[in-house]
K.L.:
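Here's a structure for you.
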Amino acid sequence: MTTAPPAAPPATGVRATARIHAVADGRGGTALPLLAGEGPLALRRTRGGEAEAGVVLVGAMSAPLGGDHLTVRATAGPGARLALASAAATLALPGRAGEPARYDVELDLEDGASVRWLPEPLVSVRGSDLRVRTRVRLAPTARLLLREEQVLGRHGEPSGLLRSRLTVTRGSRPLLDQELACGPGAPGGWDGPAGLAGHRAVGQLLVVDPAFETDPPPAAMLGECAAATPLAGPAVLVTALAADALRLREVLDEACRTYDR
C-alpha cells in the first residue's frame with residue numbers, strides 16, 4: 001500500500017490579478033481590448049490625455065492584508081499610450097496569521113508605447129509585512145513615467161515592515177534594479193544617516209525617454225532631501241525623502257514638471 005503525501009496547507013489570503021492591455025486604435029487614440037479586475041482590484045476607464053487611455057485602480061475591499069497576493073499586470077502595444085493611477089492610498093494591513101503580503105506590478109511596453117504609472121501612496125501600517133515588486137520591460141523606443149511613494153505608518157504610529165524592489169529593463173539590457181527595506185525587521189541602518197534619517201516618507205520618480213539620448217538631464221539636487229540621477233538608459237531617477245506624504249508629493253510633482261517633457 002502506498003501512502004499519499006500529505007496535502008499542502010490551503011493558501012491563506014486573497015489572490016487577485018488586474019489585467020490591462022492597451023493598443024493603438026489606428027485613429028490616433030488608444031483602445032483597451034482587455035480591462036479585467038478581480039477581488040479588491042477593480043478597474044475603471046477614465047478620460048485620458050490626447051491619444052491616451054486612462055485607467056484608475058479602485059480598491060473594492062481592504063487589501064493587501066497579511067497573506068494576500070495582489071498583481072497588477074499591464075501591457076501597452078506598439079504606439080499605445082496608457083495612463084494608470086489609483087483612486088486612493090493603499091494601506092498595507094496586518095493579517096491574522098502573521099504572514100507577509102505581496103503586491104506585484106508588471107508593466108510591458110512595446111515599440112513606441114508610452115505608459116504613466118502614477119499611483120497614490122502606499123502606507124505601511126503598524127504590524128504589517130508587505131513585499132512589493134515592480135517589474136518593467138521596455139522596448140528601446142518606449143517611454144515611461146513611474147512614481148512610487150511609501151509612507152511609514154499612519155499619523156502618530158510606527159511603521160510595519162516594508163520591502164520594495166524595482167527592476168527595469170530596456171531592450172535586453174538592465175536599466176535599474178534597486179531594493180528598499182524599512183521598518184521593524186529590516187536590516188540595521190535603514191533609519192540612520194545613510195538611510196531615511198528619520199523621515200517618514202520616501203519616494204522616487206523614474207522617467208525613461210528616448211529623447212534623453214541626445215539631450216540627457218544633468219545630475220542635480222532638488223532641495224535638501226531630493227536628488228536627480230541620470231541613468232544609462234536613457235533615463236533619470238529622482239529620489240526624495242520627506243517628513244510626510246504631502247511634502248513628498250510636492251517634491252515629486254515639481255520633478256515631474258521638470259523631467260516629463
K.L.:
Would you say E52 and R116 make side-chain contact, with heavy atoms under 4.5 Å?
P.N.:
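Yes. Closest side-chain heavy atoms under 4.5 Å.
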K.L.:
Just wondering, are more than 12 heavy atoms of other shown residues or ligands nearer than 6.0 Å to CD in E224?
P.N.:
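12 or below, so no.
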K.L.:
What about F212 and L237, same hydrophobic cluster or not, with Ile/Leu/Val/Met/Phe/Trp/Tyr joined at side-chain heavy-atom distances under 4.5 Å?
P.N.:
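F212 does not cluster with L237.
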K.L.:
With no hydrogens and no angle check, is any side-chain donor or acceptor of D68 less than 3.5 Å from a backbone partner on L65?
P.N.:
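Pair found, side chain donor or acceptor close to backbone of L65.
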K.L.:
Hey, mind stepping through R147 and D253 against side-chain contact (heavy atoms from CB on, under 4.5 Å) and telling me if it holds?
P.N.:
CA-CA 10 Å; R147 182 183 70 210; D253 279 351; 4.1 Å; yes
K.L.:
Do the side chains of L145 and C256 get nearer than 4.5 Å, heavy atoms only?
P.N.:
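Yes. Closest side-chain heavy atoms under 4.5 Å.
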K.L.:
Any idea which heavy atoms bring W190 and C182 closest together, and the distance?
P.N.:
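Looks like CE3-CB, 3.3 Å.
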K.L.:
For side-chain hydrogen bond (donor to acceptor under 3.5 Å, both in side chains), just list the numbers for Q204 and E149, CA-CA rounded to whole Å, side-chain angles, deciding distance to a tenth of an Å, and then say yes or no.
P.N.:
CA-CA 7 Å; Q204 56 192 0; E149 298 170 311; over 6 Å; no
K.L.:
For S164 and Q150, does a side-chain donor sit closer than 3.5 Å to a side-chain acceptor?
P.N.:
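Judged by distance alone, the side chains do pair up.
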K.L.:
How long is the straight-line distance from CD of E148 back to CH2 of W117, given to the nearest 0.5 Å?
P.N.:
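One gets 9.5 Å once the value is rounded to the nearest 0.5 Å.
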K.L.:
Determine, step by step, whether R143 and D209 satisfy the salt bridge (Lys or Arg N to Asp or Glu O under 4.0 Å) criterion, reporting the C-alpha distance in whole Å, the side-chain angles of both residues, the deciding distance to 0.1 Å, and the verdict.
P.N.:
CA-CA 5 Å; R143 190 177 186 281; D209 191 337; 2.9 Å; yes
K.L.:
Please assess L166 against L176 for the test side-chain contact (heavy atoms from CB on, under 4.5 Å), listing each intermediate value before the final yes or no.
P.N.:
CA-CA 7 Å; L166 171 61; L176 178 66; 3.7 Å; yes
K.L.:
Which atom pair, heavy atoms only, marks the closest approach of T90 to P64?
P.N.:
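Taking T90 first and P64 second, the nearest heavy atoms are CG2-CD, 3.6 Å.
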K.L.:
Residues in side-chain hydrogen bond (donor to acceptor under 3.5 Å, both in side chains) with R135, at least two apart?
P.N.:
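In terms of side-chain hydrogen bond (donor to acceptor under 3.5 Å, both in side chains), with neighbours along the sequence ignored, R135 is linked to no residue.
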K.L.:
Distance-only criterion, 3.5 Å: show the donor-acceptor pairs between side-chain atoms of residues 71-87 and protein atoms not counting sequence neighbours.
P.N.:
{"from": "R73", "atom 1": "NE", "to": "E106", "atom 2": "OE1", "distance (Å)": "2.8"}
{"from": "T75", "atom 1": "OG1", "to": "H21", "atom 2": "ND1", "distance (Å)": "2.5"}
{"from": "S86", "atom 1": "OG", "to": "E120", "atom 2": "N", "distance (Å)": "2.7"}

K.L.:
Is there a path of hydrophobic side-chain contacts, each under 4.5 Å between heavy atoms of I, L, V, M, F, W or Y residues, that connects V132 with V202?
P.N.:
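Each belongs to a different hydrophobic cluster.
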K.L.:
Under a 4.5 Å side-chain heavy-atom rule over Ile, Leu, Val, Met, Phe, Trp and Tyr, are V207 and V168 clustered together?
P.N.:
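No; tracing contacts between hydrophobic side chains, which count when under 4.5 Å, never links both residues.
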K.L.:
Under 4.5 Å between any side-chain heavy atoms of L152 and L196, yes or no?
P.N.:
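Yes, at least one pair of side-chain atoms sits under 4.5 Å.
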K.L.:
Taking C-beta and beyond as the side chain, do L41 and L57 meet within less than 4.5 Å on heavy atoms?
P.N.:
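Yes, side chains in contact.
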K.L.:
Enter the distance from L206:CG to L231:CG here, rounded to the nearest 0.5 Å.
P.N.:
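Atom-to-atom, L206:CG and L231:CG are 6.5 Å apart.
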K.L.:
Under the 3.5 angstrom rule, does the side chain of R170 hit a backbone N or O of P140 as a donor-acceptor pair?
P.N.:
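Such a contact is found between R170 side chain and P140 backbone.
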K.L.:
What's the spacing between L35 CG and R44 CZ if we round to 0.5 Å?
P.N.:
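One finds 9.0 Å between CG of L35 and CZ of R44.
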K.L.:
Can you measure from CG (L222) to OG1 (T258) and round to the nearest 0.5 angstrom?
P.N.:
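So the CG of L222 and the OG1 of T258 are separated by 7.0 Å.
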K.L.:
A side-chain contact here means heavy atoms from C-beta on lying under 4.5 Å apart; do V23 and T30 qualify?
P.N.:
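A side-chain contact under 4.5 Å is absent here.
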K.L.:
What is the minimum heavy-atom distance between A51 and G28, and which atoms define it?
P.N.:
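Nearest pair, atom of A51 first, then G28: CB-O, 3.0 Å.
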K.L.:
State whether the side chain of E157 and the backbone N or O of R126 hold a donor-acceptor pair below 3.5 Å, judged by distance alone.
P.N.:
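Side chain of E157 to backbone of R126: a pair is present.
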K.L.:
What's the shortest heavy-atom distance between P217 and P230, and which atoms?
P.N.:
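Where P217 meets P230 most closely, the heavy atoms are O-CG, 3.1 Å.
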K.L.:
Salt bridge check: are D108 and R137 linked by an N-O gap of less than 4.0 Å?
P.N.:
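A salt bridge is present here (some side-chain N lies under 4.0 Å from a carboxylate O).
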K.L.:
Can you list the steps and then say if L32 with V55 is a side-chain contact (heavy atoms from CB on, under 4.5 Å)?
P.N.:
CA-CA 9 Å; L32 296 172; V55 176; 3.6 Å; yes
K.L.:
Might you confirm whether atom CZ of R27 has over 12 heavy atoms from other residues, nucleotides or ligands at distances under 6.0 Å?
P.N.:
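12 or below, so no.
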K.L.:
For the atom pair OG1 (T167) and CG (L175), what is the distance rounded to the nearest 0.5 Å?
P.N.:
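Answer for the OG1-CG pair, T167 versus L175, is 10.5 Å.
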K.L.:
Does any N or O in the side chain of R165 come within less than 3.5 Å of the main-chain N or O of E179, such that one atom is a donor and the other an acceptor?
P.N.:
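No, R165 side chain to E179 backbone: no donor-acceptor pair under 3.5 Å.
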K.L.:
State, yes or no, whether a side-chain contact exists between L34 and I20 at a heavy-atom distance under 4.5 Å.
P.N.:
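No. Closest side-chain heavy atoms not under 4.5 Å.
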K.L.:
With hydrophobic residues grouped by side-chain heavy-atom distances under 4.5 Å, do V238 and V136 end up in a single group?
P.N.:
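In one cluster: no.
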K.L.:
Considering non-hydrogen atoms only, spot the tightest contact between A201 and L248 and give its length.
P.N.:
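That closest heavy-atom pairing would be CB-CD2, 4.0 Å.
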K.L.:
Going hydrophobic residue to hydrophobic residue with side-chain gaps under 4.5 angstrom, can you get from Y103 over to L107?
P.N.:
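Yes, because Y103 and L107 connect within a single hydrophobic cluster, where side-chain heavy atoms sit under 4.5 Å apart.
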K.L.:
Could you check L122, V125, L180 and say which one makes a side-chain contact (heavy atoms from CB on, under 4.5 Å) with L162?
P.N.:
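When side-chain contact (heavy atoms from CB on, under 4.5 Å) is applied between L162 and each of L122, V125, L180, only L122 qualifies.
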K.L.:
Hey, does V236 have a side-chain heavy atom less than 4.5 Å from the side chain of V208?
P.N.:
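Result no, sub-4.5 Å side-chain heavy-atom pair not found.
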K.L.:
Whether the side chain of D191 engages the backbone of G198 through a donor-acceptor N/O pair (distance < 3.5 Å, no angle test) should be reported.
P.N.:
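Yes, because the side chain of D191 sits within donor-acceptor range (under 3.5 Å) of the backbone of G198.
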K.L.:
When rounded to the nearest 0.5 angstrom, what distance separates OG1 in T141 from CG in D111?
P.N.:
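That separation rounds to 4.0 Å.
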K.L.:
Should E38 and R19 count as an ion pair when the cut-off is N to O under 4.0 Å?
P.N.:
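Looking at R19 together with E38, the answer is yes, because their closest N to O distance falls below 4.0 Å.
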K.L.:
Is there a donor-acceptor contact under 3.5 Å from the side chain of D244 to the main chain of R247?
P.N.:
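Checking the backbone N and O of R247 against the side chain of D244, a donor-acceptor pair under 3.5 Å is found.
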K.L.:
Would you mind checking if R163 and D129 are paired as a salt bridge, meaning a charged N to carboxylate O distance below 4.0 Å?
P.N.:
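So D129 pairs with R163 through a salt bridge.
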K.L.:
Identify the heavy atoms of H199 and C225 that sit nearest to each other, and give their distance.
P.N.:
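Nearest pair, atom of H199 first, then C225: NE2-SG, 3.6 Å.
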K.L.:
Taking side chain as C-beta onward, heavy atoms only, is L146 less than 4.5 Å from L205?
P.N.:
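A side-chain contact under 4.5 Å is absent here.
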